[in-house]
Asker: 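Here you go, one structure.
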Amino acid sequence: MHRLTDIGWEDYSALPLEEKKAYLERHDGGGMPYHTLFAQQFDRRILERLCALANRIRFINKSKEGALYLKGVLAHKRAMLYFSQPSSRTFLSHLAACQLLGITTGSVRDAATSSEFKGESHEDSIRTFSSYFDMIIMRSPEQGLAEKMAWELSNSERPVPILNAGSGKDQHPTQALLDIYTLVRSFETKGGVDGRTVTFCGDLKRGRTVRSLSYLLTDFNDVKQVFVAPAELQVPGDVIEILKAKGVRYEIADDLRAATKVSDAVYMTRIQDEWDNSKGESARIDTSRFKFGAEELALLGPDGIIMHPLPRRDEIATCCDHDPRAMYWRQMRNGMWIRAALIASTFGFEQEIMNCGY
Ligand code: ASP
């Protein structure tokens with residue numbers, strides 16, 4: 001059994017992600033994450049368990065009795081939502097997931113309203129939250145902060161779990177979970193996710209959801225990944241290195257229409273210009289060929305789907321919104337169910353919910 005209390009921060013942080021994974025698991029031997037920090041913590045077996053639990057929660061919640069049962073499951077827990085970066089869906093769906101399970105929540109969404117404004121460090125703020133809450137769901141522009149805090153808290157007298165709700169340009173593991181859940185549900189009655197072709201399009205260089213989802217797709221058999229972007233925004237080398245090491249088929253491309261014709265899922269992303277190094281850097285890139293509209297829709301197969309982590313700008317035309325293949329609205333709601341599943345299993349309630357009488 002690996003524990004974060006048995007390893008110093010320097011040694012832990014030097015480990016490859018796949019080796020870090022064991023330190024972040026719950027200690028009951030079931031392999032579920034305790035701290036959720038990056039996509040590398042999830043393998044196929046865990047993804048299947050989480051999707052099954054999300055389906056179960058969704059079903060139980062349909063009846064009033066079931067919803068009341070769910071509200072009692074974690075009524076003894078409190079969660080802090082600490083979002084020091086803008087968010088609509090990730091914040092609200094985590095909040096809604098907590099509410100489904102009866103968790104009491106608190107939130108800080110703007111450091112200017114907390115003691116960070118008085119000069120308190122993020123680290124001290126998070127330690128403060130752990131005094132009052134049993135879980136910290138956090139989004140930060142700082143890559144690695146959630147991980148550092150997971151180590152710090154595990155080595156404190158209040159070792160509460162950290163759930164990474166987006167860390168810099170790096171990872172967004174719970175978005176990747178909801179993306180997988182959406183793919184699994186979309187292809188459930190059509191032969192499953194194995195063997196599919198998934199195209200990523202847009203700002204693949206700075207989109208953290210792309211890095212996390214690309215990794216989770218490697219847990220499936222023979223899923224081909226196509227990366228369509230302007231050269232300046234192409235997918236980073238570390239993502240490609242993982243695909244090569246795992247023998248995953250991939251293609252770097254710049255023709256969205258050609259890719260759409262052969263794709264089962266097209267995952268659009270917005271230009272992440274908040275990370276520009278100089279003013280107007282992204283605006284100078286020609287992104288006109290990396291937008292999904294009526295012509296691309298006509299090329300997508302009848303079972304194909306369009307996804308987007310949202311928010312969108314103009315990379316998906318609104319004329320696509322009512323097409324049954326537009327999955328981005330459903331993705332949002334799927335986020336609530338899979339996050340409820342993750343939170344319930346983080347606290348060790350997976351089996352209880354799976355086996356309850358509803
Ligand atoms: N909402 C997603 C994220 O937080 C995607 C985006 O902002 O473009 O990364």
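As the structure lists them, so they are numbered: ligands from 1, and atoms in each ligand from 1. Position 1 is the first residue of the sequence; numbering continues from there. Below, all heavy atoms of this structure are taken into account, side chains as well, without hydrogens, waters or symmetry copies.
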Asker: Is it true that R208 and D203 make a salt bridge, defined as a side-chain N closer than 4.0 Å to a carboxylate O?
Answerer: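 Here R208 does not pair with D203 in a salt bridge, since their nearest N and O are not under 4.0 Å apart.
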Asker: Closest non-hydrogen protein atom to atom 9 (O) of ligand 1, residue and atom name please, with distance?
Answerer: R208 NE, 2.9 Å
Asker: Could you tell me which atoms of ligand 1, counted from 1 in the order shown, lie closer than 4.0 angstrom to a heavy atom of P311?
Answerer: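 Result: 1 (N), 6 (C), 7 (O).
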Asker: Below 4.0 Å from any atom of ligand 1, is there a heavy atom belonging to Q272?
Answerer: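 It does, in that a heavy atom of Q272 comes within the 4.0 Å cut-off of ligand 1.
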Asker: Salt bridge or not between R313 and D273? Use side-chain N to carboxylate O under 4.0 Å.
Answerer: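 So R313 pairs with D273 through a salt bridge.
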Asker: Donor-acceptor pair, distance only, cut-off 3.5 Å: does the side chain of Q351 make one with the backbone of F349?
Answerer: no
Asker: Check E295 with R257, please: is the shortest side-chain N to carboxylate O separation under 4.0 Å?
Answerer: yes
Asker: Under a 4.0 Å heavy-atom limit, does R139 contact ligand 1 with its side chain, its backbone, both, or neither?
Answerer: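 Side chain only; the backbone of R139 stays clear of ligand 1.
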Asker: Would you please classify the geometry between the F200 ring and the F227 ring as parallel, tilted or perpendicular, with 30° and 60° separating the classes?
Answerer: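 Judged by the thresholds at 30° and 60°, the geometry between F227 and F200 is parallel.
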Asker: Can a cation-pi geometry be assigned to K20 and Y12, taking NZ or CZ under 6.0 Å from the six-membered ring centre and within 45° of the ring axis?
Answerer: yes
Asker: To the nearest 0.1 Å, how far is atom 7 (O) of ligand 1 from its closest protein heavy atom, and which atom is that?
Answerer: R270 NH2, 2.9 Å
Asker: Looking only at protein heavy atoms, which one is nearest to atom 5 (C) of ligand 1, and how far off is it?
Answerer: L310 O, 3.5 Å
Asker: List ligand 1 atoms under 4.0 Å from H172, heavy atoms only on the residue side.
Answerer: 3 (C), 4 (O), 9 (O)
